[in-house]
2 protein chains.
Amino acid sequence: MNGSADSPANSRKTSWKKDPEAVKENILAIATEEFAAHGLSGANINEIARKTSTSKRMIYYYFGDKEGLYCAVLEGVYSALRRSEDLLDVAGLEPVQALRRLVESTFDTHANAPHFIRLVMIENIHNGDYLRKSDIVPKLNRSIIDKLEEVCARGKAMGLFRDGADALQLHWLISSFSFYNVSNKATFSASFGTSIYSKSQQSILKARTTDMILAAVVIGYEPKSWN
Amino acid sequence: MNGSADSPANSRKTSWKKDPEAVKENILAIATEEFAAHGLSGANINEIARKTSTSKRMIYYYFGDKEGLYCAVLEGVYSALRRSEDLLDVAGLEPVQALRRLVESTFDTHANAPHFIRLVMIENIHNGDYLRKSDIVPKLNRSIIDKLEEVCARGKAMGLFRDGADALQLHWLISSFSFYNVSNKATFSASFGTSIYSKSQQSILKARTTDMILAAVVIGYEPKSWN
DNA sequence: CTGTTTATGTACCCACGGGTTAATTTGTCA
DNA sequence: TGACAAATTAACCCGTGGGTACATAAACAG
């Protein structure tokens, strides 16, 4: 019933190199695409395997099972984003400029990290179960809060910021529109049209949200972009 | 291999009422729960059928296939939310109070509509493909924009609001933190703790975001909650 | 009361896809 | 140079779950 005439059972690839790291990286990159595109249950292991330069067996060899692969992907995008945040240096800037910079770069970072956004959405659909299991992620998230705290402290000390300015609340706020802007693009567009996603409108939104936050935090700040 | 001793092959329910509307409603309610909980690919038709008071056959009879059921669920939660928005009457309030009311009630509405939030998240994962196919949804979304436009117009006419105040941008903004607050609760908590989701912190966030928007829109407004 | 349409229930099919088995090659170290 | 571990391949297994076939009861028209 088998035994194809040509090359009996030894059509097996007869030559290959050992390169565990490259194989792992390759799997992880493809899996990131696929999980971001289709979600945890929507992504297909066979399809992921097909798109890699290796075989399905290797996925299980290195990552155990589908959930293990998904966790690795999740940790990967989280640490990538946080690493990019670490590059941002605001310690030298005066408080108002520093806060402005933090808001604008968060907005931009999110806009340019669609995989991250989608995977976080997916993880929220799963109630954060896999993120909570990870031990590396909680540690990663200090740096952005530390930066905001440092800026708030300086701003208050200099009598520029209102007393209520709170790092965690600010992060929640800044993340909210930066994230929503990307995460809900599809349904927002379907409901209200695509106008606000044009390049010029996006700049305006970024300027206005930044101004809005500064007006809330900085005493006597005039939100000029709203005129 | 079958033929259970007790009631041979006629264990079939021998008496039932025809009630198409109730059956459809029942299926839709359960399906809403299940799709919201597990997503489109994650939800299980057998499981949905089991939880209804009818059979899997009826799901296919009324909704065609899994995607048809999902679309019906999506349209259901959208129209429910928009209907609740329609109940909100701000035409009688003076502009500043009207805007305040719109922000606060959007915040609350989202906080109390977890199914809606989760289904919109899921729909965004699917790039809005099913929402775009629906012909009822686009029409639904006018009312909230109309309300904001009316308030903005009055505010500007009375010299209270800045010229830049734009209904669509405001809706985007108000939705963003109202939505994010619910949608990203799981990952935000996993990363930064649950403190901001306490009842008291949520009130503060609502007050501050409202104040923040008013300070951006209303000329000379003092965001007191930030002190 | 009979024929037809609508609504419902039961049992089944089968492909898709997550996961595994077993063999085979590559590299390494006595 | 030969044994042993690590890396890799191809082929297979089988449960899950979306979807269907078929029979039949309710409702209704004439």
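All chains are named by letter (A, B, ...) in the order of the sequence lines, taking the proteins before the strands, and each is independently numbered beginning at 1.
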Using distance only, find each side-chain donor-acceptor pair of residues 64-76 of chain B under 3.5 Å and give its atom names and separation, not counting sequence neighbours.
unit_1	atom_1	unit_2	atom_2	d
Asp65(B)	OD1	Glu67(B)	N	3.4
Asp65(B)	OD1	Gly68(B)	N	2.9
Lys66(B)	NZ	Leu40(B)	O	2.9
Lys66(B)	NZ	Ser41(B)	O	3.4
Lys66(B)	NZ	Ala43(B)	O	2.8
Glu67(B)	OE2	Tyr130(B)	OH	3.2
Tyr70(B)	OH	Glu123(B)	OE1	2.7
Glu75(B)	OE2	Ser134(B)	OG	2.6

Exercise answer: donor-acceptor pairs, residues 171-179 of chain B side-chain atoms, under 3.5 Å, sequence neighbours excluded:
unit_1	atom_1	unit_2	atom_2	d
His171(B)	NE2	Ser175(B)	OG	3.4
Trp172(B)	NE1	Asn181(A)	OD1	3.4
Ser175(B)	OG	His171(B)	O	2.8
Ser176(B)	OG	Leu173(B)	O	2.6
Ser178(B)	OG	Ile174(B)	O	2.8

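- Counting any heavy atom pair closer than 4.0 Å across all strands shown, Ala49(A) reaches no nucleic acid atom.
- Judged purely by distance below 3.5 Å, without hydrogens or angles, the side chains of Ser183(B) and Asn124(A) never pair a donor atom with an acceptor atom.
- Axis orientation changes by 0° from one end of the helix from dC1(C)-dG30(D) to dA30(C)-dT1(D) to the other, with each end axis drawn from 5 pairs and the value rounded to 10°.
- Distances shown here put every side-chain N or O of Ser55(B) at or beyond 4.0 Å from the OP1 or OP2 atom of dT10(C).
- Look at CD1 on Ile45(B): it is 21 Å from P on dC13(C), rounded to the nearest Å.
- Taking 4.0 angstrom as the limit, Asn44(B) places a side-chain polar atom (N or O) nearer than this to OP1 or OP2 of dG17(D).
- Here ring-ring contact (aromatic ring centres under 6.0 Å, His included) pairs that include residues 100-125 of chain A, with residues two or more places apart or in two chains, are Tyr78(A)-Phe116(A).
- Of the two residues near DNA chain C, Arg57(A) and Leu40(A), the one whose nearest nucleotide lies more 5' is Leu40(A).
- Contacts between residues 22-32 of chain B and DNA chain C, defined by a heavy-atom separation below 4.0 Å, involve Val23(B), listed by number.
- Of the residues in residues 59-75 of chain A, Tyr60(A), Asp65(A), Lys66(A) come within less than 4.0 Å of DNA chain C through at least one heavy atom, sorted by number.
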